[in-house]
Amino acid sequence: HFGMDTLSFARLGARVTGADFSSAAVALARRTAEEIGFPDARFVQSDLYDLPHVLDGDFDLVYTSRGVLGWLPDIRRWAEVVAHFVRPGGRFYITEIHPVAQAFENEGVAPGELLLRYPYWEHVEPLSFPVKGSYADPDADVSAQTEHGWDHGLGEIVTALIEAGLRIESLREYPFVDWPVEFLVETGDGTWRLPPGTQGEIPLFFSLLASKAPRD
């Protein structure tokens, strides 16, 4: 998007490259990098699936930032792009909302009201919703009228990465989400979880670390 995750790695000493399909987002990322003292941070404008034709080289670490997978229609092509950019001996990392959480209605429901509504596994046709503001500002005047999204099961995500040539090193599931979800409640640590006293549990977030075998 506009580079916050990418520049967080830069602040830790990494040489970084970020990518997004939006020219406005990339322009803002570049300006932000200059303003905070990281002029060498590189930002590339490209559709994800076209990125191997736009960006050369490979990387020690490839990171897919949270809140991304739901915008992608084809999880296998995403995994192929990921694996393309992980150099031998390198790693891939993602943290993301859990596919189980995505299957429940998130608008017009009360905390603890789990209303199963959406697909769990990948589907060809997108889910389409009218746009109301943005995640950053619900009252923002946005030009888009409709947004489209896709679901991907956890097994599909993991299998796609394996088939692309990566080795899964760890897969962890968590009982929280890092942003507001209507059927959850905010807690003191800044996460959103099922309300206290809810019967049963579901995974809400996951993290995955994978690697590519070094060259012989």
Checking ring pair (Phe, Tyr, Trp, His ring centres under 6.0 Å) between Trp78 and each of Trp150, Trp71, Phe92, which is the one that passes?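 Per the ring pair (Phe, Tyr, Trp, His ring centres under 6.0 Å) rule, the option paired with Trp78 is Phe92, out of Trp150, Trp71, Phe92.
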Assess whether a salt bridge exists between Arg76 and Glu122, defined as any Lys/Arg side-chain N lying under 4.0 Å from an Asp/Glu carboxylate O.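 A salt bridge is present here (some side-chain N lies under 4.0 Å from a carboxylate O).
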For a 4.5 angstrom cut-off between non-hydrogen side-chain atoms, does [X] reach [Y]?
X	Y	answer
Val185	Pro196	yes
Leu204	Ile97	no
Asp189	Phe176	no
Ile94	Val82	no
Pro99	Leu69	no
Pro175	Leu194	no
Leu51	His84	no

Can you hop from [X] to [Y] via hydrophobic side chains spaced under 4.5 Å?
X	Y	answer
Val131	Tyr118	no
Val68	Phe43	no
Ile202	Leu184	yes
Phe183	Trp179	yes
Val177	Leu114	yes

As an exercise, state the distance from [atom1] of [X] to [atom2] of [Y], rounded to the nearest 0.5 Å.
X	Y	atom1	atom2	value
Ile75	Glu80	CD1	CD	11.0 Å
Glu35	Leu7	CD	CG	10.5 Å
His1	Asp20	NE2	CG	6.0 Å
Tyr49	Leu72	OH	CG	4.5 Å
Leu166	Lys212	CG	NZ	6.5 Å
Leu208	Ile157	CG	CD1	8.5 Å

Would you say His98's side chain and Tyr174's backbone share a donor-acceptor pair under 3.5 angstrom?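 No; judged by distance alone, with no hydrogens or angles, the pair does not exist.
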Side-chain (Glu96) to main-chain (Gly67) donor-acceptor, under 3.5 angstrom: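 Present.
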Could you check, using the six-membered ring where one of them is a Trp, whether Phe9 and Phe59 have ring centers closer than 6.0 angstrom?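 Between Phe59 and Phe9, which both carry aromatic rings, the centre distance is not below 6.0 Å.
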On the 0 to 90° scale, with breaks at 30° and 60°, tag the Tyr63-Tyr93 ring pair as parallel, tilted or perpendicular.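 Ring orientation, 0 to 90° scale: parallel.
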Would you say the side-chain atoms of Arg66 and Thr95 include a donor-acceptor pair closer than 3.5 Å?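 Yes.
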Do Gln102 and Tyr120 have a side chain donor and acceptor closer than 3.5 Å?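 Absent: no donor and acceptor within the cut-off.
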Check the pair Leu154, Leu171 against side chain to side chain contact (heavy atoms under 4.5 Å, CB included), reporting the backbone distance first and the verdict last. CA-CA 10 Å; Leu154 189 60; Leu171 174 61; 4.1 Å; yes
Verdict with supporting geometry, Arg15 and Asp40, side chain to side chain contact (heavy atoms under 4.5 Å, CB included): CA-CA 8 Å; Arg15 291 181 296 167; Asp40 294 333; over 6 Å; no
Yes or no on side chain to side chain contact (heavy atoms under 4.5 Å, CB included) for Phe104 and Val109, after CA distance, side-chain angles and deciding distance? CA-CA 10 Å; Phe104 293 95; Val109 292; over 6 Å; no
Run the side chain to side chain contact (heavy atoms under 4.5 Å, CB included) check on Phe38 and Val16 step by step: do they pass? CA-CA 10 Å; Phe38 294 99; Val16 297; over 6 Å; no
Does CZ belonging to Phe21 count more than 12 external heavy atoms closer than 6.0 Å?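 Open: at most 12 neighbouring heavy atoms sit under 6.0 Å from CZ of Phe21.
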Report, as yes or no, whether the 6.0 Å neighbourhood of atom CG on Asp56 holds more than 12 heavy atoms from other residues, nucleotides or ligands.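 No - once you tally the heavy atoms of other residues, nucleotides and ligands closer than 6.0 Å, there are 12 at most.
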